[in-house]
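To start, the structure itself, in structure tokens.
Predicted model, so just to flag it, every value in this text is computed and none were measured. Any value given below was found using the heavy atoms of this structure, including those in side chains, with hydrogens, waters and symmetry copies removed. Heads up: numbering here begins at 1 and tracks the sequence.
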Amino acid sequence: RDIDEWRRWANLGVQEALCRRLEALRQVEAVPEVARQFRDIMTEWKRASEVPKDQSEALWHRFKAAHDEIQPRCDAYFARQAEERNNNLKRKVALCEEADALASSTDWLRTAERLTRLQAEWKTIGPAPRRHEQALWTRFRAACQQFFTRRKADLARRKEEWARNLEHKELLCAGAEGLAESTDWEAAAAEVRRLQAEWKTVGPVRRNRADVVWQRFWTACSGFLERYDQRDQV
């Protein structure tokens, strides 16, 4: 009983302080700040609800008078906030649905650009209702990560393929260059044509090496073919 009485006595001071804080909100013009403090005050009041009976009624009437004056401003703000968050929810759900649809795409370049734009748009959207916010973010991030992880793996595979193709094409270049000074005209011409046909079967190389290796091959082949056209003079 002594502990309960001490708690009620301590709550008396808390409620008096909360009354002063609530009354002070009458002078605050910024509605978001009023709403934030109002919500905090209501939570704290519930925790300090037990006070000595001989003083509880007066404090309650004082608190309720300020509460009834402040609440309409907060209710209007909370209603607008709820509407905004519901609109944000719809926008984020739409982004999640599009990201989900793109997660398995193999159109790497355009999909990466689109997902990057979706990520930038996500950052511009305010919060959704709290009960949905974390789940939405987890869903959106998972879809983006799925695509970019697949893209990274595909890029690694293509780099290996480009390296093999470059090695193959460099061998063809070396073969064509080896024929540059040949005078075994028909055999060399047949070999150049074979090398050119084989070149067409080799896949792509890295873009920054493609022109260099092609120019090397074309120079070797055309150099021999020019000599071949002039073989009688040679």
Side-chain angles (χ1 to χ4, degrees), residues 88 90-126 133-234:
N88 293 340
K90 293 177 183 177
R91 292 179 63 188
K92 288 187 174 182
V93 167
L95 293 184
C96 286
E97 290 174 348
E98 185 172 355
D100 287 341
L102 294 173
S104 58
S105 172
T106 55
D107 188 355
W108 305 115
L109 182 60
R110 280 186 289 189
T111 303
E113 291 175 349
R114 180 57 183 162
L115 283 175
T116 300
R117 288 197 295 271
L118 294 184
Q119 289 172 330
E121 183 179 350
W122 184 281
K123 293 178 181 178
T124 67
I125 302 174
E133 185 69 25
Q134 186 58 45
L136 282 171
W137 169 241
T138 300
R139 177 184 174 186
F140 181 72
R141 183 178 60 181
C144 293
Q145 285 181 339
Q146 179 182 341
F147 171 79
F148 285 110
T149 299
R150 291 176 55 251
R151 179 182 180 231
K152 184 178 180 180
D154 179 77
L155 181 59
R157 179 190 59 77
R158 282 187 291 154
K159 284 182 177 179
E160 293 178 359
E161 182 181 344
W162 293 338
R164 290 194 301 270
N165 292 341
L166 178 61
E167 183 178 358
H168 192 167
K169 288 186 173 183
E170 286 176 339
L171 289 174
L172 296 179
C173 289
E177 290 166 347
L179 298 171
E181 301 299 325
S182 175
T183 55
D184 188 359
W185 302 112
E186 298 307 325
E191 179 63 9
V192 166
R193 287 192 291 271
R194 188 194 69 77
L195 293 175
Q196 289 174 326
E198 186 176 347
W199 181 278
K200 294 178 181 179
T201 67
V202 182
V205 301
R206 287 185 75 96
R207 187 175 301 176
N208 61 351
R209 300 297 301 276
D211 287 342
V212 174
V213 73
W214 165 246
Q215 286 296 329
R216 178 184 171 188
F217 183 71
W218 180 84
T219 299
C221 292
S222 61
F224 170 79
L225 293 175
E226 287 177 7
R227 291 180 65 250
Y228 180 80
D229 291 339
Q230 300 171 7
R231 61 189 179 281
D232 293 337
Q233 291 89 333
V234 174

*Let me see the working for L225 and Q196 under side chain to side chain contact (heavy atoms under 4.5 Å, CB included), right down to the final yes or no.*
CA-CA 12 Å; L225 293 175; Q196 289 174 326; 4.0 Å; yes

Return the minimal non-hydrogen interatomic distance between [X] and [Y], and the atom names on each side.
| X | Y | answer |
| --- | --- | --- |
| N208 | V212 | O-CG2, 4.4 Å |
| F147 | L102 | CD1-O, 3.7 Å |
| S182 | W185 | O-CZ3, 3.6 Å |
| A143 | D100 | CB-OD1, 3.4 Å |
| C96 | R139 | CB-NE, 3.6 Å |
| A188 | F224 | CB-CZ, 3.3 Å |

*Can you list the steps and then say if E113 with W108 is a side chain to side chain contact (heavy atoms under 4.5 Å, CB included)?*
CA-CA 9 Å; E113 291 175 349; W108 305 115; over 6 Å; no

Quick one: does [X]'s side chain have a donor or acceptor within less than 3.5 Å of a partner on [Y]'s backbone?
| X | Y | answer |
| --- | --- | --- |
| T149 | Q146 | no |
| R150 | S105 | yes |
| R227 | A180 | yes |
| R231 | Y228 | yes |
| N165 | V205 | no |

Return the [atom1] to [atom2] distance between [X] and [Y], rounded to the nearest 0.5 Å.
| X | Y | atom1 | atom2 | result |
| --- | --- | --- | --- | --- |
| E191 | R193 | CD | CZ | 10.5 Å |
| D184 | L179 | CG | CG | 9.5 Å |
| E133 | K92 | CD | NZ | 3.5 Å |
| E177 | L172 | CD | CG | 11.0 Å |
| T124 | Q119 | OG1 | CD | 12.5 Å |
| R151 | L115 | CZ | CG | 9.5 Å |

*Start with the C-alpha gap between T219 and Q215, add the side-chain angles, then the distance that decides, and say whether side chain to side chain donor-acceptor pair (under 3.5 Å) holds.*
CA-CA 6 Å; T219 299; Q215 286 296 329; 4.5 Å; no

*asked:* Please determine whether the number of non-hydrogen atoms from other residues, nucleotides or ligands lying under 6.0 Å from atom CG of D211 exceeds 12.
replied: no

*Take atom CZ in R209; do more than 12 heavy atoms of anything else shown fall under 6.0 Å from it?*
no

*Give the ring-plane orientation class for W199 versus W214, where under 30° counts as parallel, over 60° as perpendicular and anything between as tilted.*
tilted

*If the plane angle is over 60° it's perpendicular, under 30° parallel, otherwise tilted; pick one for F140 and W122.*
parallel

In plain terms, say whether [X] and [Y] are close enough for a salt bridge, that is, a side-chain N and a carboxylate O under 4.0 Å apart.
| X | Y | result |
| --- | --- | --- |
| D154 | R157 | yes |
| E121 | R117 | no |
| R164 | E161 | no |

*Between T138 and Q134, does any side-chain donor sit less than 3.5 Å from a side-chain acceptor?*
yes

*Start with the C-alpha gap between R206 and K159, add the side-chain angles, then the distance that decides, and say whether side chain to side chain contact (heavy atoms under 4.5 Å, CB included) holds.*
CA-CA 8 Å; R206 287 185 75 96; K159 284 182 177 179; 3.5 Å; yes

*Working for side chain to side chain contact (heavy atoms under 4.5 Å, CB included), residues W218 and V213*: CA-CA 9 Å; W218 180 84; V213 73; over 6 Å; no

